[in-house]
Amino acid sequence: MSDATSSTRRLGQMRTPLWQRAAERGLAIIAMSAIAAVVLILVFILREAAPLFVDELALEAQGGLSSLVRARTWEGYDAPEHVWQPVGFPGKLNILPLFAGTLKITLLTMLLSVPVGLGGAIFLAEYAPRRLREVVKPAVELLASVPSVVVGFFALAVLAGGLQRLVDATYRLNATVAALGLAFAVVPVVVTISEDALRAVPRDLVEASLALGARRWQTTLGVTLPAALPGIAAAIVLGFGRAVGETMIVLMASGNAPVLDASPLSSARTVTATIAAELGEVTPGDDHWRVLFLLGGLLFVVTVGLNEAGRFAVGRLRRRLRAEGVT
Amino acid sequence: MGTEPHQAAPMTRIVAIVSLALALGCAGARGRAERHAASTLTVRGSDTMVVLSQRWAQAYRHARGDVSVQVSGGGSGVGIASLLAGTTDLAASSREVTSHELAALARARGVEPEVYRVAIDALAVYVHESSALREIELSALQDLYRGRITRWSALGGPDEPVVLYGRENNSGTYVFFKERVLDRLDFVAETQSLPGTSAVIHAVSRDRRGVGYGGIGYGAGVRLVAVRAAPDAEAVLPDERSAIDRRYPLARFLYLVRADAETAKARDYLEWILSDEGQGEVEAAGFFPLPRDVREAELARLGSPPATARLATPPGASESM
């Protein structure tokens, strides 16, 4: 630190009043605390899960660390199975059914949400009269702010019965009901961000396409959509992240049976719902507790990874499109 | 510089105020802690009983003020182990205490341990109101929940799949069902887990192929199934009477165990639990209160004055607070 800097600082001090400097410092601390919170959460989660990998007695009754993913023929079973049944004799802590449940419900949600969300965004950005758009877009955004417990209740009470009448599913609460509920949370994300991306495409491009004799839909498919692709990719990634992390809707509507299958009409138990349902009563420090924290850590890594992958993909796409001269 | 003293003055004032506040806070906390230690009673054990024990603890503090009851779970075995180690005043147990454990307690603590029945737990099996199933044998119930029976036709019903509803694995009901019905084996993975008896009843009422278990409750759209313990036993419907005389196979007593000679606070607490007020909390927590004769027997073992005087208060009098 040189004399010059300290003297400018002193000059600065004389001009800015104390409260202002304090406020600036305070804002800086608040901004930093967000980062600190993320780091601390991760450290806390990992610290609770770490004994699984360090403690030699961890998961002893289950047959070691590999029992978290490996099938085993437990007492009373006829064949090796991946079992999540943490309260038992002994508790069985295979995490594969939970990740399968999360994957199943998330993929179903995206299958429902992306076409609907993208279609809605294209309509709003390209075809809807301005007055209609000014009503519809805020309404869609309002949908995103409905509390998830309310959406979950709606899925449980209304969607489940409706779906069962429609397809006569064996299980009234199943992965599709949960995905339908989740779509209420994910579609607004996809619509809003995609619509913004579509409307950010320069009008010159659209007008040039129309001037060349392309029809409206040809312009949309051939010009506007490709140009807006980075934004749309971001919308899908954010929607995916929301679907993976959502807890209350799946807890209420999925049936929570930890089955390992791909059927959309069977029940599913997600990672988030498992943590929410079980952490409250588990004995701190035992294997079940540690595995729940491991699940939280893995979920954290998956969502952060997804966000980063999405950001990377968007960046590359944007560079490529710029190189091709689309934007 | 002229500004320096002005800046310093609020600083020292802040320091003074903060340290004063800290000092006061510490003093207050120490005072609380001392009061705490003077009259704390710890109850440790059965997870089934945690909610009930907490209700009792709260109501007891409300009634007595000077005693704080600390409750923790861990399981009936953990409770008895803690009692053995002398780290808890009372152990809560949702199963009978084995003779082996009683002997160990007597050796470790130097007094005969006393086991008191404090409540009755029972769970019911429900089906949709349109179901033809009126009664079920325990072994068939086990086959259902282990996935050995997957269609109602095996139990004389229509040829439709069975949909199993159960409780989340953090509930005592789940563990009781697993121990008593499944012989400690696992539920089939397809069992849907729901967060409470009312959620199970609601789900079964909407599902003609459904079967569920939970606390004893009556909801529209479901019917209770009578349970028989063995092929030649009578099928019994769960109700207060059959739960209390234990003809109903899915009923059990809940216990508190004590292994100290004469501490008044544990004795007073048990006496209060056996009072109308304490037994009122049992009902509120979803269990069955003890029948009068059992209460009198347990009070007599506590060595309290004639139980009849204690039970004279009309039922419901305690709820008027």
Side-chain angles (χ1 to χ4, degrees), chain A residues 10 13-14 17-19 21 74-78 81-92 94 97 100-101 156-157 160-161 164 168-174 251-261 263 266-269 273-274 276-286 288, chain B residues 1-4 6-7 10-11 47-48 50-51 72-75 78 128 142 145-148 150-151 160-179 182-196 199 202-210:
Chain A
R10 206 170 297 136
Q13 271 182 2
M14 283 162 71
L18 174 67
W19 67 267
R21 275 185 294 129
W74 296 97
E75 189 196 344
Y77 288 78
D78 300 325
E81 270 184 60
H82 300 89
V83 186
W84 175 267
Q85 202 146 146
V87 178
F89 309 94
K92 289 140 195 101
N94 195 304
L156 175 78
Q164 195 172 36
D168 195 34
T170 303
Y171 299 103
R172 211 176 72 86
L173 301 178
N174 56 48
L251 185 64
M252 293 173 82
S254 70
N256 293 316
V259 290
L260 188 65
D261 70 5
S263 162
S266 74
S267 188
R269 190 180 182 89
T274 303
E278 294 174 12
L279 196 56
E281 297 287 336
V282 66
T283 317
D286 75 358
H288 183 193
Chain B
M1 287 210 186
T3 52
E4 291 288 63
H6 288 286
Q7 281 182 3
M11 211 49 163
D47 286 322
T48 311
V50 163
V51 172
S72 56
V78 170
H128 190 262
Q142 186 191 67
Y145 274 91
R146 286 188 58 207
R148 303 284 155 126
T150 57
R151 301 193 76 84
E160 284 194 324
V162 178
V163 180
L164 303 166
Y165 293 97
R167 294 289 310 280
E168 269 297 344
N169 58 37
N170 57 20
S171 76
T173 311
Y174 173 97
V175 179
F176 180 31
F177 195 88
K178 197 166 206 172
E179 287 178 348
L182 301 187
D183 290 335
R184 296 159 73 97
L185 295 170
D186 281 350
F187 286 92
V188 67
E190 277 78 10
T191 311
Q192 310 218 343
S193 45
L194 300 170
H202 176 259
V204 173
S205 75
R206 298 283 194 94
D207 194 340
R208 65 176 195 281
R209 304 146 168 165

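Below, chains carry the letters A, B, ... as their sequence lines are ordered, and counting in each starts from 1. Since this is a predicted model, take the numbers as computed values, not measurements.
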**Q.** Among A/V83, A/V87, A/L156, residue most engaged with chain B (heavy-atom pairs, under 4.5 Å)
**A.**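 Between A/V83, A/V87, A/L156, the count favours A/V87.
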
Q) What residue, out of A/G91, A/A160, A/S266, A/P258, has the most heavy-atom pairs lying under 4.5 Å from chain B? A) A/P258

Q | B/F187, part contacting chain A, at a heavy-atom distance under 4.5 Å | A |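 Both backbone and side chain.
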
Q. Using non-hydrogen atoms only, which part of B/R209 is less than 4.5 Å away from chain A: side chain, backbone, both, or neither?
A.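 Just its side chain gets close to chain A.
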
Q.
By the salt bridge (charged side-chain N to carboxylate O under 4.0 Å, His left out) test, which pairs, at least two apart or in different chains, include something from residues 185-194 of chain B?
A. A/K92-B/D186, B/K178-B/D186

Q: Determine the minimum heavy-atom distance between A/G76 and B/R146, stating which atoms define it.
A: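 Heavy atoms only, the tightest pair is O-NH2, 2.7 Å.
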
Q | Nearest non-hydrogen partners of B/A189 and A/A257, listed with the distance | A |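 Shortest heavy-atom contact: O-CB, 3.2 Å.
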
Drop me the distance from [X]'s [atom1] to [Y]'s [atom2], to the nearest 0.5 angstrom.
X	Y	atom1	atom2	value
A/R172	B/Y165	CZ	OH	6.0 Å
A/D78	B/R148	CG	CZ	4.5 Å
B/T191	A/N256	OG1	CG	12.0 Å

Q. Given that the side chain runs from C-beta out, which part of A/Q164 has a heavy atom under 4.5 Å from chain B: side chain, backbone, both or neither?
A.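 Side chain only.
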
Q: Taking salt bridge (Lys or Arg N to Asp or Glu O under 4.0 Å) as the test, write out the residues that go with B/R208, two or more places apart.
A: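 Here the qualifying residues are B/E160.
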
(Q) Any heavy-atom pair between the side chains of B/L185 and A/E75 that's under 4.5 Å? (A) yes

